[in-house]
Number of protein chains: 2
Amino acid sequence: MKYIEKLRNSGLRPTKQRLQICEVLFDTEKTFHFTINDLANKIRKQLNNKISLATVYNTVHAFEKKGYLKQIPINSNQTYFDTNVSDHHHFYDLKDEKLIDLEASEVGPIKILKQINGKKIKSVEVLVKLED
Amino acid sequence: MKYIEKLRNSGLRPTKQRLQICEVLFDTEKTFHFTINDLANKIRKQLNNKISLATVYNTVHAFEKKGYLKQIPINSNQTYFDTNVSDHHHFYDLKDEKLIDLEASEVGPIKILKQINGKKIKSVEVLVKLED
DNA sequence: CACTTTTTTAGAATCGTTATAAACTAGAAA
DNA sequence: TTTCTAGTTTATAACGATTCTAAAAAAGTG
């Protein structure tokens with residue numbers, strides 16, 4: 001398994017559940033956006049496997065902390081995650097409530113002209129809301 | 001009362017509660033960020049007044065729909081609103097969990113170089129995360 | 001005042017997320 | 001292997017923000 005080492009190197013034990021979640025998250029051609037519920041359903045369907053919702057929460061948060069997933073800053077009742085951890089942005093289609101990636105290269109360079117006392121910029125994220 | 005007309009013109013009846021909420025929200029020198037709970041507490045303290053939490057929710061949503069308030073897209077368990085409805089952006093201090101305004105003029109022009117089929121851009125919002 | 005519609009309200013319901021504590025598992029050491 | 005320990009999984013309870021409900025109150029109209 002290609003994920004065993006990756007997990008070990010992160011200080012995460014490669015458990016059956018984590019490896020399965022890795023498969024669903026990272027064994028895909030394209031990156032994608034998901035909520036915890038989306039993911040739990042996908043695992044159950046795709047792997048015909050019951051997995052505790054608590055484990056999905058735990059794992060997603062562990063992976064996020066390690067930088068394998070990103071949270072998408074958006075107002076919704078559910079939290080959205082992204083398997084695309086590269087520097088990029090999002091469209092949000094207000095009508096269909098769907099997210100679409102917007103690569104950093106598809107946005108002109110962003111200059112932040114204001115500084116905050118002892119703080120450093122960790123990330124700059126753009127959300128473009130779409131309407132019909 | 002200066003807000004009576006404003007409310008009437010929006011098709012909202014100028015009730016005692018709405019006028020009081022207007023006072024707390026808009027009778028300030030500076031704009032500010034708040035959650036529903038922040039606001040409810042502020043009203044109770046500042047106006048020595050009990051007001052139903054449900055009314056605060058109703059009113060804030062009504063005001064948002066009318067464009068007197070903006071929701072701030074950020075991941076938090078609570079929804080943040082802004083009395084600053086001008087085109088602007090935000091810093092988010094990850095450590096202190098505080099929001100700071102970032103005026104549009106303090107960000108270089110943002111060019112969105114990707115188009116989505118039949119959709120129009122409604123807004124472009126930047127979130128700058130800060131760390132120490 | 002009489003009447004209709006909107007609004008407020010307390011409390012219940014909902015639902016995403018987190019906490020709990022017991023059972024289980026991985027890894028290491030003997 | 002066997003034993004041990006810390007890390008993990010799990011079902012379920014708890015939590016908390018938000019929404020719903022339905023009845024009472026207030027606003028607007030004639």
Can you tell me how far C1' of C/dT8 sits from CG of B/Leu12, to the nearest Å? 14 Å
Any side-chain N or O of A/Arg8 less than 4.0 Å from the OP1 or OP2 oxygen of C/dA26? no
Value in whole Å for how far the P atom of C/dT9 lies from CD1 of B/Ile36: 14 Å
For the pair A/His90 and A/His88, name the ring-plane relationship: parallel under 30°, tilted 30 to 60°, perpendicular over 60°. perpendicular
A/Lys95 meets the salt bridge (charged side-chain N to carboxylate O under 4.0 Å, His left out) criterion, sequence neighbours left out, with A/Asp132
Expected list for residues 59-78 of chain A near DNA chain C, using heavy atoms below 4.0 Å, is A/His61, A/Asn77, A/Gln78
Rounded to whole Å, please give me the gap between CG in B/Asn37 and P in D/dT19. 13 Å
same_hphob_cluster(A/Ile112, A/Val126) at 4.5 Å side-chain heavy-atom cutoff: yes
Out of curiosity, does B/Tyr3 fall in the hydrophobic cluster containing B/Leu25 (side-chain heavy atoms, cut-off under 4.5 Å, transitive links)? yes
A/Arg13 CZ to C/dC24 P, straight-line distance once rounded to whole Å: 17 Å
In residues 50-58 of chain B, which residues come under 4.0 Å of DNA chain C by heavy atom? B/Ile51, B/Ser52, B/Ala54, B/Thr55, B/Asn58
C/dT17 phosphate, OP1 or OP2: any side-chain N/O from A/Thr79 under 4.0 angstrom? yes
Rounded to whole angstroms, how far apart are CG on B/Leu39 and C1' on D/dA17? 15 Å
Residues, nucleotides or ligands: over 12 heavy atoms within 6.0 Å of A/Glu131 CD: yes
Side-chain donor/acceptor of A/Thr28 to backbone N/O of A/Val24, under 3.5 Å: no
Nearest-Å distance for atom pair CG/P, residues B/Asn49 and C/dT8: 12 Å
Rounded off to whole Å, could you give me the CD-to-P distance for the A/Gln20 and D/dT8 pair? 16 Å
Say whether B/Phe26 and B/Leu47 are linked into one hydrophobic cluster, either directly or through other cluster members, by side-chain heavy-atom distances under 4.5 angstrom. yes
Starting at CG of B/Leu7 and ending at C1' of C/dT7, how long is that distance when rounded to a whole Å? 13 Å
B/Phe63 vs B/Tyr68 aromatic rings, parallel, tilted or perpendicular, using cut-offs 30° and 60°? perpendicular
Can you check whether A/Gln17 has a side-chain N or O nearer than 4.0 Å to OP1 or OP2 of D/dT10? yes
Worked check of side-chain hydrogen bond (donor to acceptor under 3.5 Å, both in side chains) between A/Asp38 and A/Thr35: CA-CA 5 Å; A/Asp38 291 344; A/Thr35 66; 3.2 Å; yes
